[in-house]
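As structure tokens, the structure follows; a few thoughts come after it.
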Amino acid sequence: DQYSATLASSIAGGVFFGFSALTGAQFIAKKDAKGEDKIFRFAPLLFSPLWGTFFIGLGMNPLLQREADIQLILQNVGAFGITA
């Protein structure tokens, strides 16, 4: 079923986004971050090709191309948000 594949991709994108946001938050919490550690403050932006491909490209795009059913779209967005 295509919907289960898009839902799994949205969940995977949420996991990647959550991991990158957690990584960024851990480095922001450090008060004495060195110069090379400051780049990790932008971890969600750095990992955006990864989570964006899963969530937008594989999770949302097939739904928007085939059927624009608002319930399925909201379920995928909710799954991304909950796992992030």
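Only a predicted model underlies this, so the values are computations on that prediction, with no experimental measurement involved.
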* To do: Answer whether the closest heavy-atom distance between the side chains of Phe17 and Phe47 falls below 4.5 Å.
  => no

* **Phe19, CZ: over 12 other non-hydrogen atoms inside 6.0 angstrom** => no

* Do Leu64 and Phe80 belong to the same hydrophobic cluster, where Ile, Leu, Val, Met, Phe, Trp and Tyr are linked whenever their side-chain heavy atoms lie under 4.5 Å apart, directly or via other members? -> yes

Exercise answer: donor-acceptor pairs, residues 7-16 side-chain atoms, under 3.5 Å, sequence neighbours excluded:
{"unit_1": "Ser9", "atom_1": "OG", "unit_2": "Ala5", "atom_2": "O", "d": "3.0"}
{"unit_1": "Ser10", "atom_1": "OG", "unit_2": "Thr6", "atom_2": "O", "d": "3.1"}
{"unit_1": "Ser10", "atom_1": "OG", "unit_2": "Asn76", "atom_2": "ND2", "d": "3.4"}

Which pairs would a plain distance check flag for residues 51-63, meaning a side-chain donor or acceptor within less than 3.5 Å of a matching protein atom at least two apart in sequence or in another chain?
{"unit_1": "Trp51", "atom_1": "NE1", "unit_2": "Pro44", "atom_2": "O", "d": "3.0"}
{"unit_1": "Thr53", "atom_1": "OG1", "unit_2": "Pro49", "atom_2": "O", "d": "2.5"}
{"unit_1": "Asn61", "atom_1": "OD1", "unit_2": "Gln65", "atom_2": "NE2", "d": "3.4"}

* Side-chain hydrophobic cluster, 4.5 Å single linkage: members besides Ile82 -> none

